[in-house]
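Computed over heavy atoms, backbone and side chain alike; hydrogens, waters and symmetry mates excluded.
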Amino acid sequence: MSKIHAAITAVNGYVPDYVLTNKELETMVDTNDEWIVSRTGIKERRILKGEGLATSDLAVPAVKGLLEKRGITAEEIDLIIFCTSTPDMLFPATANILADKIGAKNAWGYDLQAACSGFLFGLTTGSQFIESGKHKKVLVVGGDKMSSVVNYSDRNTCILFGDGCGAVLLEPNEEGNGIQDAILKTDGSGGQFLNIKGGGSLNPASHETIEAGLHYAYQEGRTVFKFAVTNMANVAAEVMERNNLTADDVAWLVPHQANKRIIDATAERAGLPEDKVMVNIHKYGNTTSGTIPLCLWEWESKLKKGDNLILAAFGGGFTWGSVYLKWAY
């Protein structure tokens with residue numbers, strides 16, 4: 001019997017309408033367009049505006065569009081893994097809220113939190129349920145409403161993040177396409193450099209935590225950049241070497257969109273030219289768990305059956321990893 005791989009059979013994305021430009025950020029903090037573009041590659045990002053809207057509201061249109069594309073109903077989904085660092089609330093899981101909103105009555109699900117590596121961790125986790133034969137249709141969602149945790153008076157972080165969501169459907173594949181390999185890593189000693197300190201059991205919400213700004217994303221930029229540039233590039237190269245892939249064998253590098261310089265370093269380490277690298281950071285900034293599925297969604301029409309894709313990410317935790325997959329359609 002041929003080995004069952006977990007293959008992506010549909011992808012879709014959603015970004016909100018409101019465009020936050022560098023020009024507008026100039027009116028909010030001491031920064032300028034040239035500085036932001038030269039250091040990050042970001043020109044604009046999307047923001048979810050409106051009362052009572054949360055991360056699940058980014059996911060609903062992404063998932064509904066995905067189901068339509070695949071020609072299936074929400075009731076056919078077995079499992080929902082929602083990768084996010086900005087859940088609607090601490091519990092219930094945003095996966096459960098999403099299931100209710102789309103009518104996925106037969107699915108169980110949970111949230112997976114691995115910061116910017118969340119989608120890769122979720123993709124790898126979801127693939128296990130397909131490969132084991134336990135499930136036939138697994139929905140992996142990566143989405144974040146980063147505007148809910150960004151301090152728009154902190155020029156170091158507010159320029160980086162945007163809101164957005166992408167989703168993929170995993171199904172069994174016996175043609176050899178789908179997820180081939182993954183290398184995932186964590187180093188908890190990096191937690192101090194990239195975090196949200198407030199709102200958990202360590203620092204529950206109080207007047208003090210709010211006044212101290214502990215509910216906003218905190219990043220020690222230089223340390224994170226140095227670690228990310230090395231590790232994201234190394235793990236992408238490592239997964240290629242382990243599978244005897246040369247740059248010629250790889251159709252696309254799908255990097256987490258945190259910083260154009262980190263993306264460039266990863267491509268260089270993998271030996272891949274710019275025209276084989278998916279980049280949309282200039283339009284959306286860093287949508288955390290949303291970046292990689294949003295890239296797949298935007299490039300879907302260019303992907304061919306059997307294409308070798310290398311996905312790579314780095315995030316708070318520290319977390320990082322790379323996935324090698326063969327496109328299935």
### Task
Determine yes or no for a side-chain-to-main-chain donor-acceptor pair under 3.5 angstrom, with Asp163 supplying the side chain and Ser147 the backbone.
yes
Determine whether a donor-acceptor pair (N or O, by modelled atom type, separation under 3.5 Å) exists between the side chain of Thr27 and the backbone of Lys23. no
On a heavy-atom basis, the closest approach of Met232 and Phe314 is SD-N, 3.8 Å
Between Asn22 and the options Glu34, Lys43, Arg45, the side-chain hydrogen bond (donor to acceptor under 3.5 Å, both in side chains) test singles out Arg45
field: Heavy-atom check, side chain of Leu325 versus side chain of Ile179, under 4.5 Å
entry: yes
Scanning both residues in full, the closest heavy-atom pair of Ala115 with Ser85 reads CA-OG, 3.2 Å
Would a hydrophobic clustering, with Ile, Leu, Val, Met, Phe, Trp and Tyr connected at side-chain separations under 4.5 Å, put Trp252 with Leu123?
yes
Note: Gly315 and Ser117 closest approach over all heavy atoms is N-OG, 3.4 Å
Original post:
Thinking salt bridges, do Glu76 and Arg70 make one under a 4.0 Å N-O criterion?
Top reply: no
Next on the checklist: So for atom NZ, which belongs to Lys283, do other residues, nucleotides or ligands contribute more than 12 heavy atoms lying within a distance under 6.0 Å?
Outcome noted: yes
*asked:* Check whether Arg46 reaches the backbone of Pro16 with its side chain - one donor and one acceptor, N or O, closer than 3.5 Å.
replied: yes
Problem set entry | Audit row: Asp144, Thr84, side chain to side chain donor-acceptor pair (under 3.5 Å) steps and yes/no | CA-CA 6 Å; Asp144 275 290; Thr84 185; 2.9 Å; yes
Stepwise, does the side chain to side chain contact (heavy atoms under 4.5 Å, CB included) test hold for Asn259 with Phe225? CA-CA 9 Å; Asn259 184 304; Phe225 179 84; 4.1 Å; yes
Val254-Ile262 co-clustered via ILVMFWY side chain contacts under 4.5 Å: no
Check: Do Glu208 and Ser206 have side-chain N/O donor and acceptor atoms under 3.5 Å apart?
Finding: yes
Backbone of Glu26 reached by a side-chain donor or acceptor of Asn32 within 3.5 Å: no
Value for OG (Ser289) from CE (Met146), rounded to nearest 0.5 Å, stands at 9.0 Å
Interatomic distance, CG@Asp111 vs SG@Cys83, rounded to 0.5 Å, equals 8.5 Å
*asked:* Just so I know, are the side chains of Lys101 and Ser56 near enough to count as touching, which here means a heavy-atom distance under 4.5 Å?
replied: yes
same_hphob_cluster(Met240, Ile292) at 4.5 Å side-chain heavy-atom cutoff:
no
Here the gap from Arg222 atom CZ to Glu220 atom CD, rounded to the nearest 0.5 Å, amounts to 9.5 Å
So, do Leu160 and Gln219 sit near enough that their side-chain heavy atoms are less than 4.5 Å apart?
yes
request  = Consider only side-chain heavy atoms of I, L, V, M, F, W and Y, link residues closer than 4.5 Å, and tell whether Ile281 and Leu294 are in one cluster.
outcome  = no
One pair to check against side chain to side chain contact (heavy atoms under 4.5 Å, CB included): Val149 and Phe161. What are the steps and the verdict?
CA-CA 10 Å; Val149 294; Phe161 295 104; over 6 Å; no
Sub-4.5 Å side-chain heavy-atom contact between Val235 and Val239:
no
Connected to Val63, directly or through other members, by ILVMFWY side-chain contacts below 4.5 Å are Val60, Leu66, Leu67, Ile72, Ile77, Ile80, Phe82, Leu98, Ile102, Leu139, Val141, Leu169
- Query: Mind checking whether Ile130 and Tyr329 sit in one hydrophobic cluster, side chains of I, L, V, M, F, W, Y counted as touching below 4.5 Å?
  - Reply: yes
Please check this pair: side chain of Lys276 against backbone of Val250, looking for a donor-acceptor N/O pair closer than 3.5 Å. yes
Report task. Verify the neighbour count for atom CD of Gln128: are there more than 12 heavy atoms of other residues, nucleotides or ligands below 6.0 Å? Result -> yes
All heavy atoms of Cys165 vs all of Ala59, minimum pair found to be SG-CA, 3.6 Å
**OP:** Could you tell me whether the side chain of Glu298 and the main chain of Leu296 form a donor-acceptor pair under 3.5 Å?
**Re:** no
| Do other residues, nucleotides or ligands put more than 12 heavy atoms under 6.0 Å from Arg155 CZ? | no
CZ of Phe91 to OG1 of Thr94, rounded to nearest 0.5 Å, is 12.5 Å
To the nearest 0.5 Å, atom CZ of Phe318 lies from atom OG of Ser189 at 7.5 Å
Checking Asp100 side chain against Ile97 main chain: does a donor-acceptor pair fall under 3.5 Å? no
Value for CG (Leu25) from CH2 (Trp35), rounded to nearest 0.5 Å, stands at 11.5 Å
Check your understanding: Can you tell if the side chain of Ile42 reaches within under 4.5 Å of the side chain of Gln257, non-hydrogen atoms only?
Key -> no
- Item | Residues Ile310, Leu245; criterion side chain to side chain contact (heavy atoms under 4.5 Å, CB included); working and verdict | CA-CA 10 Å; Ile310 300 292; Leu245 294 171; 4.0 Å; yes
- Task: Describe, in one word, how the ring planes of Phe129 and His135 are oriented to each other, choosing from parallel (under 30°), tilted (30 to 60°) and perpendicular (over 60°).
- Result: parallel
Is it true that a side-chain atom of Asp78 and a backbone atom of Lys136 form a donor plus acceptor pair closer than 3.5 Å?
yes
Cut-off 3.5 Å, side chains only: do Thr209 and His215 have a donor facing an acceptor? yes
Decide if atom CD of Glu274 counts as having more than 12 heavy atoms of other residues, nucleotides or ligands within a radius under 6.0 Å. no
When every non-hydrogen atom of Ala62 is compared with those of Asn12, the smallest separation belongs to O-ND2, 2.9 Å
- prompt: Within a reach of under 6.0 Å around CD of Glu68, are more than 12 heavy atoms found that belong to other residues, nucleotides or ligands?
  reply: no
Donor-acceptor contact present, side-chain Lys260 to main-chain Val279, <3.5 Å: no
message = Is there a side-chain contact between Leu20 and Glu44 in this structure, where contact means two heavy atoms from C-beta onward sitting under 4.5 Å apart?
response = no
Original post:
Does the distance from a Lys or Arg side-chain N to an Asp or Glu carboxylate O, for Lys49 and Asp17, drop under 4.0 Å?
Top reply: no
- Residue pair Asp187 / Phe227, side-chain heavy-atom distance below 4.5 Å: yes
- Does Thr86 offer a backbone N or O that forms a donor-acceptor pair with the side chain of Thr55 under 3.5 Å? yes
Which of Asn308, Asn173, Asn177 passes side-chain hydrogen bond (donor to acceptor under 3.5 Å, both in side chains) with Lys326? It is Asn308
Here the pair of heavy atoms bringing Ser322 nearest to Ala236 is OG-CA, 3.6 Å
- [ ] Tell me, with the steps shown, if Leu58 and Thr287 meet side chain to side chain contact (heavy atoms under 4.5 Å, CB included).
- [x] CA-CA 11 Å; Leu58 294 167; Thr287 54; over 6 Å; no
Heavy atoms from other residues, nucleotides or ligands near NZ of Lys105 exceed 12 (cutoff 6.0 Å):
no
Quick one: are Tyr110 and Thr125 in side-chain contact, heavy atoms under 4.5 Å? yes
